[in-house]
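Here the structure is laid out as structure tokens; the discussion comes afterwards.
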Amino acid sequence: MPELPEVETIVRRLRPLLSGQRVTSVAVRWPRIIDRPAPDRFARELVGRAIQGIERRSKFLVFDLAPLSLLVHLRMTGQFRYRPPGSTLADDRHVHVVLGLSQGTLLYRDLRKFGRLYLVADPAPVLSNLGPEPLGNAFTLNHLQKALWRRRRAIKPLLMEQTVVAGLGNIYVDESLWLAGIHPLRRAHTLDRSETARLYGAIRQVVAQAIANMGTTLRDYRDPHNRPGNNQTALAVYGRRDAPCRRCGQPVLKTTVNSRGTHYCPRCQPLPGATS
DNA sequence: CCAGCCCCCTGTCGGC
DNA sequence: TGCCGACAGGGGGCTG
């Protein structure tokens, strides 16, 4: 579910709610959600810590609990809900971790239970394989060019790997490739200089716009106040099978690429050497 | 290196 | 109506 723009939106919402608060209690209802350390130790070590800040790295939320860090990956359906003091809303069978705070309660909810929480002294091992942030200074056209040139994989699964650039998922990869006019099955090393430049610009534009729109809500995504995002109406191809391409009017196609649903325009994103 | 499969889970939707 | 498979925004692991 949540890709970089959704996680960024969640972090921005949580920051004013949680900064400076102390964790007063921890209840883990579905232990497999806790990646490390063991769930009982996770709870014990979290209690009493002060939340000094909240940052984002790729699709991870990073809570600063100096000297520890709490990393959270929401995977497909993870959500945070903030419950103000005195409120009883939002607790249900999908709430798997409950953090009592000095003011209010933070609930971790996850319908499919794929999300993971990590309480660590050093975040680096968990984050070690991530490429640069798409809007950060380390993500340059030169970096993208060199990364693509070394790889023969199809461009879409390569961008989903998180190693070339971090934070894109199925929606924003499809959107970026459409904006750049590149077919999802193009081999990465075959993109020429101008195609690479278009892809570079497209990734940054798509991500920046989705953040400005506070994320895309197709089914499950909600912010900590249970509010949906606004970016779904801005999507060009994702979820628009058979609808007219916003650039040329041709019906948008939906296929499967490496077992992920993939949307593209056959006219704006041609595959050289094939009929479609 | 990479494609293709499995797994982790629950809910929803479309077809028969 | 009811059942049943396919599919859903992610990612780790394994095989060939």
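Within every chain, numbering begins at 1; the chains are lettered A, B, ... in the order of the sequence lines, protein sequences first and strands thereafter.
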Checklist line | Short N-O contact, A:Lys156 and A:Asp174, less than 4.0 angstrom | finding: yes
Item checked: Between C:dG11 (P) and A:Lys59 (NZ): distance, integer Å -> 4 Å
Note to self: Testing the basics here: between A:Asp110 and A:Lys113, what is the closest heavy-atom pair and its distance to 0.1 Å?
What the structure shows: OD1-N, 3.0 Å
Next item on the list: Check whether any side-chain heavy atom of A:Trp149 lies under 4.5 Å from a side-chain heavy atom of A:Thr196, and answer yes or no.
Entry: no
Next item on the list: For the pair A:Phe63 and A:Leu119, evaluate side chain to side chain contact (heavy atoms under 4.5 Å, CB included) and give the outcome as yes or no after the intermediate values.
Entry: CA-CA 9 Å; A:Phe63 294 77; A:Leu119 185 63; over 6 Å; no
Item checked: Whole-angstrom distance between B:dC5 and C:dA6, as gauged at atom P -> 13 Å
Check: Taking atom types as modelled and ignoring hydrogens, do the side chains of A:Tyr172 and A:Thr216 form a donor-acceptor contact shorter than 3.5 angstrom?
Finding: yes
Notebook entry, point to check: Do A:Arg36 and A:Val126 have side chains that get closer than 4.5 Å, going by heavy atoms?
Noted result: yes
Notebook entry, point to check: Could you state the CZ-P distance from A:Phe60 to C:dG10, rounded to the nearest angstrom?
Noted result: 13 Å
Enumerate, atom names and distances included, each donor-acceptor pair closer than 3.5 Å involving a side-chain atom of residues 136-144 of chain A, sequence neighbours excluded.
unit_1   : atom_1 : unit_2   : atom_2 : d
A:Thr140 : OG1    : A:His143 : N      : 3.0
A:His143 : NE2    : A:Val164 : O      : 2.8

Next item on the list: Kindly confirm or rule out a cation-pi arrangement of A:Arg246 over A:Trp178, judged by NZ or CZ under 6.0 Å from the six-membered ring centre and within 45° of its axis?
Entry: no
Checklist line | A:Arg227, A:Arg81, A:Arg109 screened by side chain to side chain contact (heavy atoms under 4.5 Å, CB included) with A:Arg222, the one that passes | finding: A:Arg81
Next item on the list: Scan residues 172-181 of chain A against DNA chain C and write down, sorted by residue number, each residue with any heavy atom closer than 4.0 Å; if none is found, say none.
Entry: none
Notebook entry, point to check: Expressed as a whole number of Å, how far does the C1' atom of C:dC3 sit from that of B:dC8?
Noted result: 25 Å
Note to self: Parallel, tilted or perpendicular, judged at 30° and 60°: which one describes the rings of A:Tyr108 and A:His96?
What the structure shows: tilted
Notebook entry, point to check: Where along residues 109-135 of chain A does a heavy atom come under 4.0 Å from DNA chain C, residue by residue in number order?
Noted result: A:Arg112, A:Phe114
Item checked: Whole-angstrom distance between C:dT1 and B:dT10, as gauged at atom P -> 26 Å
Note to self: Output the rounded distance in Å from CG (A:Asn170) to P (C:dC7).
What the structure shows: 13 Å
Next item on the list: Taking atom P in both B:dG11 and C:dG11, compute the distance separating them and give it to the nearest angstrom.
Entry: 22 Å
Next item on the list: Give the stems involving DNA chain B, where a stem is 3 or more consecutive Watson-Crick or G-U wobble pairs (i with j, i+1 with j-1, and so on) under 3.5 Å.
Entry: B:2-8 with C:10-16, B:10-16 with C:2-8
Note to self: Without decimals, in angstroms, what is the distance between A:Leu235 CG and C:dA8 P?
What the structure shows: 15 Å
Next item on the list: Tell me which residues in residues 145-163 of chain A put a heavy atom below 4.0 Å from DNA chain C, sorted by number, or none.
Entry: A:Met160, A:Gln162
Item checked: Between C:dG12 (P) and A:Met76 (CE): distance, integer Å -> 14 Å
Item checked: Segment of DNA chain B, first to last nucleotide, that comes within the 4.0 Å heavy-atom reach of chain A -> B:dC2 to B:dG11
Notebook entry, point to check: With sugar-phosphate meaning primed atoms plus P, OP1 and OP2, does A:Thr77 contact a base, only sugar-phosphate, or nothing at under 4.0 Å between heavy atoms?
Noted result: nothing
Next item on the list: Ignoring hydrogens and angles, state whether a donor on the side chain of A:Asn129 or A:Gln162 is under 3.5 Å from an acceptor on the partner side chain.
Entry: no
